[in-house]
Amino acid sequence: MRLIISEKANAARKIAQFLAEGPVKEGKHRSVPYHTFTWRGEECVSVGLKGHVLNPEYPEEYSNWQKVDPRELIDARILKSVSEKGVAAAVRSLAKKADRVIIATDFDREGELIGVEALSLAFEANPALMDHVERARFSALTKGEVTRAFENLVEVSRELADAGEARQDIDLIWGATLTRWVSRAVKRYGSAFLSVGRVQSPTLVLIAERELERRAFVPEPYWEVEARLQNGGGPFVARHARGRFKEEAEARRALENLSETAVVTEVRQREATRPAPAPFNTTAFLTAAANIGVSPSRAARIAEDLYTEGYISYPRTDNTVYPESLDLREVLGFLAEVEGVGDYAGRLLGAGRLTPTRGRRQTTDHPPIYPTGRASRAELREDQWKIYQLVVRRFLATLSGPAKTLRTTLRFESGGEPLVAGGTVVTEEGWLAVYHYGRRRDEELPRLSEGDEVRVAEAELLAKETQPPGRYGQGRLIRLMEDLGLGTKATRPGIIQNLYDRGYIHGDPIVPTETGMAVAKALKDFASEIASHEMTARLEKSMDAISEGRVSKDSVVEESRELLRRVYDHLESSEEKFADIVWNGIRGDETLGPCPNCGRNLVVRRNRRNRKRFAGCEGYPECRTTFPLPQKGDIIPLGTACEACGLPEIKVLGGRRPWVTCINMDCPKKQEQRRSREETQAGGEEPSEGQRDRKRLEKSTT
DNA sequence: GCAAGGTC
């Protein structure tokens, strides 16, 4: 029997269907499905893994963080433990009955490594297989590609797998060694540990540096002159053509010069075409999801569910060009019955030739993300429906014509001052009709011609300030990581989520905590190698060299160890400074704001006996001011004061969603909210946000 | 209680 091993259940099933001469028999080893069929007169069994089935880890004797010197991890042996017990058992069991094995995992570095991992399980069960291994390399899960690959079997590439293994080892060695060193230096044990890694640390540094830019930013004041003009119809807004005035006096003079009327001096119209968007690859999908308020990690999770339920295609792809083999009309056929887009899909079907847009990147491993099945709102959860709609609408947009817009610019003269008004309207909807996300409202301007006179109904001076660069949203960060080669399409959402879970960042757009800022700074100062995205770039080059047989895996890993030893030495010699930086950050996250009684800081403290936390004055015992704090969830000091009582405000993470409150249980605002709750409760209505906050504060402090 | 990479 020939055993065919692929990377995932779905691929195993499809391979069986494509190759089978006759029926495919379904079987199961415990819960792992496999497929038996005949190919070229020979019995074959196709089984799918679950990605990596082995995980690198250190031997048991290194498991104590306090007792083991982290330096030992640099040279410690690395074991591979089975991480998917069920799958491993199925592979071993099937291997016993096999006389040949074909590796059919994904055609990339990790795929080759996953194949080699599976082989180690197969050989364990049946050593005779060692001389009977072949590799099927296909880059698309289509009948044509798969049959071609199986008719042209090649050898497993030990070099390619080695490249993957070098990546694994280096990530574990650096990650584990530095995570433990930092956690020890700062004395953060248990769940409070501080993590460090090749991808997460440079990502944290990106966020921290943006925050530093914001802090260093000096806002400059400027003034604008805005006028409300009217010509019979509704009023519209025009601004002084100079835009930003740096001097208030100049702006005021311009404002005062304006007369009661303005005369049109120029009417300009410009047409523009907005081409339909390219098909979804993972990054574009995650970014679009983030823009409609679904975090990348949640979007990835939901897409995975929709994929396994058959609603959308495989969600991890770099491809932005639909393959020839994709039957666009068939997809439109079932979309014609989907709520909200049915009519649109029907019209596309009836309109004749379909010309989908194409993105820059064309790969053949997977198609771009597109809908594969009809769904109704009733059968999906609300967030699943939102994501399904996004994929469906994107697909329809890629088959639609461009949108056309008309930009009108009106110039006026009033009391010798030039004014300008602009507005854009959509003249031809095209794809915008179905893909409405982030669509701007039309800005209508009245139809005016040169020489027309309008009334200046109102004019005012606006005092503004230049703004610092914005914080990264999660979608923006995903794109930035891709540009810098950090992480992969499959891991980026998780990496970002980790930064949240470790207490390095919060909010969206992303705000680093003081601890996150401090860890980023300390790593940059004393272990700059792990703080830069260039480590990944160099690793990629080394991995190419390994896979091309130019260098050995061992020499690359050894060289990396050597570098880490030097980094480690430097860290050890700067341990105090390193720890001080991070402690300062941690203290920053525990500083809530000024004490109302003495002006010193209120900080998060714990009761010695019951370990419960509270806000206490750092002037203790001179000042004995305290306030209760919620016991559950992380507390983020906001640095703001409650407008009602003046006490510090905090954000509490954990629970279903973060909530913001001041630390004062007797705040007049809360009392006000409690009163209105009593009133509305009499009327049988929902309690408001503030009342729930009060309840939570009370509950968590008792 | 370490990382990052697959996949559910």
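Residue numbers begin at 1 in each chain, while the letters A, B, ... track the order of the sequences.
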Would you give me the side-chain donor-acceptor pairs under 3.5 Å for residues 107-116 of chain A, sequence neighbours excluded?
from, atom 1, to, atom 2, distance (Å)
A:D108, OD1, A:G111, N, 2.7
A:R109, NH1, A:E540, OE1, 3.4
A:R109, NH2, A:E540, OE2, 3.4
A:E110, OE1, A:H52, NE2, 2.8
A:E110, OE1, A:R167, NH2, 3.2
A:E110, OE2, A:R167, NE, 3.0
A:E110, OE2, A:R167, NH2, 3.0
A:E112, OE1, A:R135, NE, 2.9
A:E112, OE1, A:R135, NH2, 2.7
A:E112, OE2, A:R135, NE, 3.3
A:E112, OE2, A:S157, N, 2.8

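Backbone-only engagement by A:R502 is indicated by non-hydrogen atom pairs under 4.0 Å involving sugar-phosphate atoms exclusively. At the heavy-atom level, A:S183 lies nowhere under 4.0 Å from the strands shown. Within 4.0 Å of A:V53, counting heavy atoms only, lies no atom of the nucleic acid at all. A:R180 comes within 4.0 angstrom of a nucleotide base, judged by non-hydrogen atoms across all strands. Backbone-only contact: A:Y314 has heavy atoms under 4.0 Å from sugar-phosphate atoms and none from a base. Counting non-hydrogen atoms under 4.0 angstrom, A:K8 reaches the backbone sugars and phosphates but no base. In this structure, A:G487 reaches the sugar-phosphate backbone alone: every heavy-atom distance under 4.0 Å involves primed, P, OP1 or OP2 atoms, never a base. In this structure, A:T491 reaches the bases: a heavy-atom distance under 4.0 Å links it to at least one base atom across the strands shown. Counting non-hydrogen atoms under 4.0 angstrom, A:A9 reaches the backbone sugars and phosphates but no base. Using a 4.0 Å heavy-atom criterion, one finds that A:D305 contacts no nucleic acid atom at all.
Residues A:W583 and A:V186 have side chains in contact (heavy-atom distance under 4.5 Å, counting atoms from C-beta outward). Looking only at side-chain heavy atoms (C-beta outward), A:T203 and A:M481 come within less than 4.5 Å of each other. Considering only heavy atoms from C-beta on, A:R71 stays 4.5 Å or farther from A:T177 through its side chain. At least one side-chain heavy atom of A:R502 sits under 4.5 Å from a side-chain heavy atom of A:F193. Using a 4.5 Å heavy-atom threshold, the side chains of A:F150 and A:I4 count as touching. Residues A:L306 and A:L380 form a side-chain contact, since some pair of their non-hydrogen atoms from C-beta on lies under 4.5 Å apart.
At a non-hydrogen distance threshold of 4.0 Å, nothing from residues 546-571 of chain A comes into contact with DNA chain B. Contacts between residues 67-90 of chain A and DNA chain B, counted as heavy-atom distances below 4.0 Å, involve A:E84.
When DNA chain B is scanned in the 5' to 3' direction for atoms under 4.0 Å from non-hydrogen atoms of chain A, the outermost contacting nucleotides are B:dG1 to B:dC8.
Remark on DNA chain B: of its neighbouring residues A:S191 and A:S201, the 5'-side contact belongs to A:S191, judged by nearest-heavy-atom nucleotide. Along DNA chain B, the nucleotide nearest to A:Q200 and the one nearest to A:H366 differ in position, and the one closer to the 5' end is contacted by A:Q200.
Across A:I495, A:L206, A:L480, A:T491, a single residue satisfies side-chain contact (heavy atoms from CB on, under 4.5 Å) together with A:L486, and that is A:L206.
Scanning for side chain to side chain donor-acceptor pair (under 3.5 Å) contacts around A:R137 gives an empty result, with sequence neighbours left out. The side chain to side chain donor-acceptor pair (under 3.5 Å) search around A:D169 returns A:K553, not counting sequence neighbours.
Of the charged side-chain nitrogens involved, at least one lies within less than 4.0 Å of a carboxylate oxygen, so that A:K521 and A:D525 count as a salt-bridged pair.
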Margin query: Go through it in stages, so that I can follow the logic: the residues are A:Y311 and A:E379, the test is side-chain hydrogen bond (donor to acceptor under 3.5 Å, both in side chains), and I'd like the CA-CA distance, side-chain angles, deciding distance and then a yes or no.
Written below: CA-CA 11 Å; A:Y311 294 119; A:E379 66 198 82; 2.6 Å; yes
